[in-house]
Structure formats: structure tokens, C-alpha cells
Amino acid sequence: MSKKTFYITTPIYYPSGKLHIGHSYTTVAADAMARYKRLQGYDVMFLTGTDEHGQKIQRVAAENGVTPKEYVDKIVAGIKDLWSLMKITYDKFIRTTDKEHIETVQKIFKTLYDQGDIYKSEYEGWYCTPCESFWTETQLVDGKCPDCGRGVEKTREESYFFRLSKYQDRLIQLLEENPDFIQPASRRNEMLNNFLRPGLEDLCVSRTSFNWGVPVTFDSKHVVYVWIDALSNYITALGYLGEDDSKFKKYWPADVHLVGKEIVRFHTIIWPAMLMALNVPIPKQVFGHGWLVLEGGKMSKSKGNVVDPVVLVEKYGLDAIRYFLLREVPFGSDGVFSNEALISRINSDLANDLGNLVSRTVAMIQKYFGGVIPKERAAGDYDEDLKAVVSQIKGKTEELMDKLQFSTALAEIWKAISRTNKYIDETMPWALAKDEQNKPRLAQVMYNLAESIRIVSILIQPFMPETPEKIWRQLAVPESQRTWESAGVWGAYDPVSPVAPGEIIFPRIDMAKELEALSALDNSAPAQAKAPAQEKKAEAPKAEAPEGIALIGIEDFAKVDLRVVKVLACEKVEKSDKLLKLKLQCGDEERQVVSGIAQYYSPEEMVGKTLILVANLKPAKLRGIESQGMILAASDKESGKLTLVTIEGEIPTGTKVS
RNA sequence: GGCGGCGUAGCUCAGUUGGCUAGAGCAUGCGGUUCAUACCCGCAGUGUCGUUGGUUCAAUUCCGACCGCCGCUACCA
């Protein structure tokens with residue numbers, strides 16, 4: 001009889017930039033889950049990896065003067081180092097540049113094509129030259145490129161499409177019949193209401209505008225676009241359609257895909273549809289967790305915003321960081337990462353409660369009994385109550401872990417720690433120690449303390465890979481009494497050697513001093529206002545967005561007619577959250593422009609402003625209102641800030657800007 | 001604008017199918033203790049449970065309206 005299997009995945013990350021604490025969030029959670037299941041005796045398959053194709057990588061590599069493969073190799077090495085540092089116990093690290101992956105993707109593509117689920121589109125579409133992007137009629141926004149808003153040209157650009165629409169009804173059925181398929185449940189409603197019920201469009205699944213990707217075997221102009229390339233990693237990693245598909249047979253369907261909330265849609269609509277087309281079972285669950293966001297930039301001077309996981313781990317230790325990530329935020333909700341919150345957690349939960357409990361217990365066993373608890377013991381008050389509380393945490397922890405409720409699971413374990421600290425006060429060992437007659441009672445008290453700690457130390461293993469060992473060493477817990485099962489057995493503790501007082505497991509941190517130090521560190525580095533919990537681009541179609549704009553000649557710039565204008569009137573566009581309608585004075589002419597700045601500027605404050613207008617932009621309709629040009633503004637996606645471009649000094653409207 | 005969610009102690013949040021004096025953690029104050037990492041234990045709190053109507057013997061919990069915030073989505077020329 002073979003062991004039960006458990007297959008868990010993280011998204012594959014897009015290796016285009018540096019790593020921060022948010023990247024670690026999903027992966028640490030998945031690791032905790034994988035460790036937990038292994039401890040329970042499951043045959044676990046834990047997959048993570050990188051999504052290495054696409055235009056952006058190709059471009060960044062070119063800018064760095066290296067081949068795409070050389071570029072990603074370097075980044076991937078860094079990611080693996082980080083996972084190693086964080087003791088991530090993945091069973092396989094898949095790269096979409098792996099030979100096996102590429103071959104399987106090609107087979108999948110061909111299969112879907114042969115059976116008619118992928119078809120070549122020859123009908124007219126729209127091409128945005130600056131973005132090198134191909135769009136369908138319905139993707140256009142008022143006839144313009146949805147990415148950059150510039151004009152598009154009708155082309156006969158060919159492209160392959162996946163018949164996503166064909167699976168609409170089956171997808172609706174899937175979500176309706178399996179309410180737990182998408183977690184948290186609120187995401188399920190979003191998928192149904194915003195996508196499935198309104199109707200799905202077929203999906204463009206190939207590109208001809210770049211070549212850093214998996215080539216379509218039967219049509220060499222095309223490479224496979226992100227969907228089929230990236231999502232399929234979950235099965236190609238198991239050898240699906242490969243020479244050895246034993247792992248696929250063994251582990252598929254996945255028990256859970258852990259993903260960030262921003263890519264829930266791809267995993268709950270596109271991915272299942274692909275699997276349906278391939279006649280492969282659907283994964284059991286997709287869990288979309290929230291983001292760990294940094295506190296707003298405005299207080300960063302006093303709070304500090306150091307989020308480099310390497311720095312954090314070096315500073316506070318791996319277990320403290322992992323504990324914080326999994327404890328601070330209910331899995332599924334967004335949470336705030338701040339240095340105060342981190343230090344506060346470390347001090348109160350780890351140093352004061354757990355660390356100090358171990359320290360005082362070991363110290364007492366050493367002091368009162370020379371390190372060995374006598375076998376002659378006497379039961380007394382409070383014993384049963386302590387035992388009752390501590391004995392049931394294994395069950396509670398398991399119940400919560402099975403629902404991926406890491407935070408509440410940890411809270412539950414900490415209740416036991418708290419109860420144990422209280423037990424010391426109740427039994428007052430130092431009083432018992434004064435009278436030789438009380439030795440048996442004192443021995444029992446010491447035993448109960450050690451036993452509680454032993455049980456706790458086993459249960460925290462999924463979250464903290466280093467601390468349990470330290471505790472076992474100090475309490476001299478024999479190998480056989482460290483098993484997951486033994487955490488459910490009160491009284492298993494039976495050491496064969498004396499306790500070994502040792503290092504302080506979690507040193508207290510001086511909050512004030514530390515914040516100051518962090519703030520200094522922070523000031524030396526560029527401040528970040530916001531950081532998503534993971535690389536947002538991972539598997540997202542926006543990877544196509546133009547980045548790294550090419551050099552142009554002066555003659556190209558001359559094509560743009562920029563003018564100084566003054567705002568005469570301004571009002572909000574009805575039924576729109578972002579649009580303002582502006583009436584502008586441009587020399588003798590008046591212009592009406594619609595601009596998406598309503599969230600940054602009120603209509604009142606706009607009036608009278610001097611701005612820069614792109615005067616020769618093709619007119620477009622927005623919300624049915626004609627916009628004759630475009631207002632310039634600087635915006636930062638990361639921080640969500642936007643500010644208008646104005647002009648220094650007085651100059652008549654209509655003046656050309658060059 | 002559409003769909004959904006949230007607004008509870010200074011802070012972060014729990015609050016099961018409406019029902020006794022509304023809870024936890026952190027922070028604060030006071031007391032206890034000394035084994036321990038100025039730690040632990042106990043006590044004390046303050047809350048119009050967003051505002052406003054309604055249903056009910058009874059609403060934080062159900063319904064309506066409103067205010068504020070958020071998510072997804074459409075619109076950001």
C-alpha cells in the first residue's frame with residue numbers, strides 16, 4: 001500500500017528583477033504546508049520554479065548585453081540561493097526553459113491544435129506598433145490599444161487562439177459544484193460575476209512579435225505565449241506526456257495551487273479550461289492569498305522599509321521571519337509589513353513567550369536537579385488542566401493547517417505556550433524547591449513543563465525549521481520522541497541525558513534602537529512605497545507591456561505636437577471613477593480632453609492650471625465623450641502616485657513645447 | 001457604473017443559526033512573583049459594536065437608506 005500523496009505548488013516567478021520579502025511569502029507558506037504534510041506521513045510533491053520566457057526578459061537581457069538564457073540563469077541562481085537561505089524544501093524547481101518542459105508544451109499545443117481547441121485566426125485584428133502587440137476587436141478600448149492607448153492598425157496578423165469560450169459552461173459548473181475550489185470564497189464570486197457569466201473570449205496563445213519562447217512546432221513564426229507555456233508547468237514538471245510520466249500518474253491532480261490573488265483568474269478559468277481540453281483532471285483547489293504590503297511611504301523615515309529578505313534573515317534569524325510571515329496575516333487577507341509589527345511579534349511571541357519559557361524551564365531543571373528530572377514524581381493541582389490544554393493542540397493545529405489557516409494554527413499553539421507559562425506561576429517551583437519534601441512534586445512540575453515544550457516544539461516544525469532542533473538539544477529530547485505522532489501523546493518525554501542549557505533561542509530586540517538602525521539603512525536605499533507580495537508579472541499577460549523604450553531620432557519626436565494649455569473648466573465624467581472632462585484653452589482654440597486623473601485631482605483644483613497637451617493625438621471617445629488630445633502627467637505605478645506636468649513661469653497658451 | 005466585501009476597546013482583529021454583564025492579542029496603568037531573555041502571572045479598563053430608519057419580546061448579529069474604506073471589473077488619449 002502506497003502512502004497518500006500531496007501535491008502543492010507555488011506560482012512560477014518571473015525572473016526579471018530583484019527579490020524582496022513579498023516574494024518569500026507564497027513560497028514560505030507552501031513550504032510550511034509541504035513540511036506539515038510530510039510530517040504527517042504524506043508522500044509530498046512540492047513544486048516551485050520560474051517562468052522565463054517573454055518579451056520583457058528578452059529585452060532586459062538585450063539591454064544587459066547578454067542572451068536571455070544567460071540573463072535568467074543568473075537571476076534563477078539568486079532565487080535558488082534565497083530559497084536555500086529560507087530553507088524551502090521544494091522537491092522540484094521547474095524552469096520553463098527546461099528541455100522537457102519545452103517539449104511537452106509543444107506537444108500540448110499541437111494536441112490542442114489537432115483537436116480543434118486551438119485555431120489559427122486569419123480574420124482582421126488590430127496591431128499596436130509601439131507595443132508590438134496584437135489585439136482582438138473586443139480587447140480594444142474605444143478603438144485604441146488597451147495597453148498604451150495609442151492608435152492601432154488593422155492587420156491580418158495571424159495568431160493562434162484557444163477556444164476558451166467553448167468551456168464557459170463547464171467552468172461555471174465547476175465553480176458552482178465545487179464551492180471550495182477557489183479559496184477564499186470571495187474570489188469565486190468575482191470570477192463568476194466578472195468573467196464567466198458575462199461570457200468568455202477566446203484567448204490568444206501565440207506571438208510572432210518576439211521569439212524568446214517555446215516555438216510552435218508546426219509554424220515557426222510563432223512562439224507559445226505565456227498561458228500554455230507557464231500554466232502547464234504544473235503538469236510538465238511531473239512528466240506529463242513525457243518519457244516518464246510516473247510522477248504525473250502519482251501526484252496529479254494537485255491538492256492545491258497556492259497563488260497570489262492577482263493571478264487567481266488565470267488559475268481558475270484558463271488553467272481548468274486547458275485541462276478540460278486535454279482531458280486531464282482539474283486541481284482540487286486554488287488558494288489565492290493576499291499581499292503583504294509595506295506601510296505607506298509617508299512615515300518611512302521613522303518606520304523604515306527594509307524588505308530585503310536576506311537582510312531580514314541575517315538580522316533576526318530565519319525562524320523569526322518565517323514565523324512573522326505566517327502569523328501576522330490571516331492567510332487570504334492582505335496584511336501590512338512593518339518593522340514595528342515584525343519586532344513586536346518577535347519580542348512578545350518568540351522572545352517573551354516561547355524563548356523565555358524554554359530558557360526558564362531548562363534553567364530550573366538544571367538548578368534544582370542538576371539537569372535530570374527524578375523519576376519519583378507527585379501529581380498535583382493544575383496538572384490535569386495543563387495536560388488538557390496542551391494535549392489537544394495537535395488536533396486543532398491539524399484542523400487549521402488543512403484549511404491553510406497558518407495564522408490561526410500558530411495562535412492555537414501559542415495558547416498552549418501561554419498556558420504553560422501560567423502553570424509555572426501556579427505551581428511556583430521556586431517555593432517547592434525550598435523544601436526537600438516537595439522534591440517529587442517539583443519533579444512532576446518540571447516534567448510537565450518539559451513535556452509541554454516538547455509537544456510545542458514538534459508542532460512548530462512546519463513553520464520554523466531551526467528552532468525545534470535547538471529546543472530538543474536543550475531539553476535532550478531523544479529522536480523517537482520528536483515524531484509528529486508523539487505530539488499527540490502526553491507523557492512521551494523520556495530523556496536519557498541531562499538537559500543542556502544553551503543559547504538564547506530568540507533574543508529580545510530593543511525596538512527603539514532597532515527602528516533607528518533600520519531607518520538609517522532605509523535612507524541609504526531608495527524608498528519603496530509599496531511592494532506586492534510577489535512578482536505581479538508572474539504569469540500575467542501584462543508582461544507584454546512596453547518597457548525599456550527604444551531610442552528615437554529627433555524627427556520622431558517632432559511628430560508630437562505639444563502645446564501649453566490652460567484649464568478653463570473641468571467636471572467629472574458621469575459613471576466613471578477615473579475620468580475628468582477638461583475644457584482647455586490652447587491659443588485661439590478650445591479643446592475638450594478626457595483624462596483619467598479623477599482619483600488624483602478634483603475638478604475644482606484643475607481649473608486654472610497650466611498644463612501640457614499632446615495636441616495632435618488622434619481624437620478618441622471615452623465613455624462616449626470626445627477627447628481631443630492628451631494631458632501629460634507623471635505617474636508611478638509602484639506607489640500609485642500621479643502628478644501633472646506643469647510649466648514654470650508665464651507663457652501664453654498655445655505655445656509649442658519642444 | 002456593475003458585482004462583492006468591510007467599518008467592533010489606542011492599535012490589529014474574533015464574534016457561530018439574532019438572546020444573559022460584547023471578546024482576544026499588542027500597547028497603557030496597577031498589583032504579584034523572581035525560575036527566566038526588565039521576563040512571567042493577575043487585575044483594570046475605556047467601546048453610542050460607521051450613521052439612520054425598520055422587523056422582533058430582544059439586534060453588533062436580519063432588512064432598507066446613507067456616510068466612509070477596500071477588492072474585482074469597465075473607463076485611465
Side-chain angles (χ1 to χ4, degrees), chain A residues 141-146 148-151 184-195 197-198 261-262 264-265 288 290-291 327-330 333-336 338 340-341 344-345 347-368 407-408 411 414-415 417-418 420-433 442 445-446 449 501 503-511 573-580 593-600 613-633 635 642:
Chain A
V141 175
D142 291 302
K144 307 277 177 161
C145 171
C148 68
R150 285 174 280 208
S186 58
R187 301 282 157 207
R188 175 169 159 263
N189 297 330
E190 287 175 4
M191 295 309 128
L192 284 168
N193 294 334
N194 290 323
F195 299 101
R197 288 184 181 130
K261 62 181 184 180
E262 74 283 4
V264 166
R265 181 173 129 210
W291 294 347
R327 172 66 241 262
E328 185 67 8
V329 184
S333 317
D334 282 356
V336 176
S338 73
E340 275 127 312
S344 172
R345 279 280 171 213
N347 279 347
S348 59
D349 295 2
L350 299 180
N352 295 352
D353 293 347
L354 176 59
N356 186 44
L357 174 63
V358 173
S359 174
R360 64 201 299 212
T361 299
V362 173
M364 283 192 282
I365 294 172
Q366 182 67 36
K367 183 171 175 178
Y368 301 143
S407 180
T408 32
W414 253 253
K415 277 185 192 164
I417 292 173
S418 199
T420 308
N421 268 317
K422 184 172 172 172
Y423 178 77
I424 297 181
D425 260 58
E426 291 167 337
T427 53
M428 292 191 286
W430 51 91
L432 293 171
L442 182 59
V445 168
M446 287 304 114
L449 288 176
E503 58 173 328
I504 295 289
I505 300 176
F506 294 107
R508 264 187 79 82
I509 297 164
D510 186 322
M511 174 82 84
V573 174
E574 272 183 54
K575 296 183 186 179
S576 161
D577 299 334
K578 297 183 182 174
L579 301 180
L580 289 183
V593 166
V594 178
S595 182
I597 54 173
Q599 291 174 329
Y600 308 95
L613 172 78
V614 181
N616 63 337
L617 198 62
K618 273 190 216 164
K621 277 198 172 176
L622 281 132
R623 279 271 144 201
I625 299 167
E626 169 129 349
S627 181
Q628 306 153 324
M630 160 180 167
I631 292 299
L632 296 187
S635 66
L642 180 145

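Throughout, protein chains are lettered first and strands after them, A, B, ... in sequence-line order, and every chain is numbered starting at 1. This one's a predicted model, so the numbers in the text were calculated from it and none came from an experiment.
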Closest approach of A:Q628 to A:V593 (non-hydrogen atoms, all atoms of both residues): O-CG2, 3.5 Å
Residue A:N421, side-chain atoms from C-beta onward, closest of B:C41, B:A77, B:U37: B:C41
Considering all heavy atoms, the nearest A:I631-A:S595 contact: CB-OG, 4.3 Å
Pairwise P distance, B:G42 and B:C20 [rounded to whole Å]: 26 Å
Between B:A59 and B:G54 - C1' atom distance, rounded Å: 12 Å
Candidate pair A:I505 and A:L354, rule side chain to side chain contact (heavy atoms under 4.5 Å, CB included), full reasoning: CA-CA 9 Å; A:I505 300 176; A:L354 176 59; over 6 Å; no
Length of the line joining A:M191:CE and B:G4:C1', which is rounded to integer Å: 11 Å
Whole-Å gap separating P (B:C11) and CG (A:N347): 22 Å
Euclidean distance for P, B:A24 against B:A14 (whole angstrom): 15 Å
Side-chain donor/acceptor of A:N194 to base of B:G2, under 3.5 Å: yes
Side chain to side chain, A:I424 and A:P429, heavy atoms closer than 4.5 Å: yes
Proximity to the side chain of A:L579 - top-ranked nucleotide from B:A36, B:C75, B:U73: B:C75
Contact nearer the 5' end of RNA chain B, comparing A:R345 with A:S595: A:R345
Working for side chain to side chain contact (heavy atoms under 4.5 Å, CB included), residues A:L350 and A:W414: CA-CA 10 Å; A:L350 299 180; A:W414 253 253; 3.7 Å; yes
d(CD, A:E340; P, B:G25) in whole Å: 21 Å
Heavy-atom pair with the smallest gap, counting every atom of A:T427 and A:L432: O-CD1, 3.7 Å
Atom-to-atom span, CD1 of A:I417 to C1' of B:A36 - whole angstrom: 15 Å
Nearest-Å distance once atom C1' is located in both B:U16 and B:U48: 25 Å
Closest nucleotide among B:U37, B:A77, B:C40 to the A:R360 side chain: B:C40
Distance between C1' atoms of B:C35 and B:A22 (Å, rounded): 37 Å
Salt bridge (Lys or Arg N to Asp or Glu O under 4.0 Å) against A:E426, all qualifying residues, sequence neighbours excluded: A:R419
Distance, rounded to the nearest Å, where A:D349 contributes CG and B:A27 contributes P: 10 Å
Sugar-phosphate, base or nothing in reach of A:S344, heavy atoms under 4.0 Å: sugar-phosphate
Distance-minimising heavy-atom pair for A:S344 and A:M511: N-CE, 4.0 Å
Rounded distance in Å between the P positions of B:U55 and B:C30: 50 Å
Sugar-phosphate, base or nothing in reach of A:V593, heavy atoms under 4.0 Å: sugar-phosphate
Between the protein and nucleotides 32-34 of chain B, which nitrogen or oxygen pairs are less than 3.5 angstrom apart?
{"residue": "B:G32", "atom": "N2", "partner": "A:D425", "partner atom": "OD2", "Å": "3.4"}

Integer-rounded Å distance: B:A77 P and A:L632 CG: 10 Å
Close N/O contacts between protein and nucleotides 42-45 of chain B (under 3.5 Å):
{"residue": "B:G42", "atom": "OP1", "partner": "A:K422", "partner atom": "NZ", "Å": "3.2"}

Distance, P atom - from B:U8 to B:G4, rounded to whole angstrom: 22 Å
Proximal nucleotide (of B:G71, B:C40, B:U37) relative to the A:R187 side chain: B:G71
Nearest heavy atoms of A:Y368 and A:W430, plus distance in Å: OH-CA, 3.3 Å
Contact under 4.0 Å: A:S418 side-chain N or O vs B:C41 OP1/OP2: yes
A:K415 or A:A363, whichever maps to the more 5' nucleotide of RNA chain B: A:K415
Interatomic distance, A:N189 CG vs B:G71 C1' [rounded to whole Å]: 12 Å
Selection from B:U37, B:C72, B:G4 that lies nearest to any side-chain heavy atom of A:R508: B:U37
A:K415: salt bridge (Lys or Arg N to Asp or Glu O under 4.0 Å) partners, not counting sequence neighbours: A:E412
Sugar-phosphate, base or nothing in reach of A:V614, heavy atoms under 4.0 Å: nothing
Pair of N/O donor and acceptor under 3.5 Å linking B:C3 base with A:N193 side chain: no
B:G71 to B:G31 separation - C1' atoms, rounded to the nearest Å: 47 Å
Test side chain to side chain contact (heavy atoms under 4.5 Å, CB included) applied to A:N194 and A:R265, step by step: CA-CA 10 Å; A:N194 290 323; A:R265 181 173 129 210; over 6 Å; no
Sugar-phosphate only, base, or nothing, as touched by A:M364 at under 4.0 Å among non-hydrogen atoms: base
Side chain A:T361, main chain A:L357, donor-acceptor under 3.5 Å: yes
Consecutive-pair stems (3 or more, Watson-Crick or G-U, under 3.5 Å) for RNA chain B: B:1-7 with B:67-73, B:10-13 with B:23-26, B:28-32 with B:40-44, B:50-54 with B:62-66
Whole angstrom value for the distance that separates C1' of B:C41 from CG of A:L357: 13 Å
Under 3.5 Å donor-acceptor, A:S359 side chain and A:G355 backbone: no
Which atom of A:P184 lies closest to which atom of A:G288, heavy atoms considered: CD-O, 3.1 Å
Touch class at under 4.0 angstrom, heavy-atom based, for A:T361 against every strand present: nothing
Sugar-phosphate, base or nothing in reach of A:F506, heavy atoms under 4.0 Å: base
Counterpart residues, salt bridge (Lys or Arg N to Asp or Glu O under 4.0 Å), relative to A:R345 (two or more places apart): A:E328, A:D349
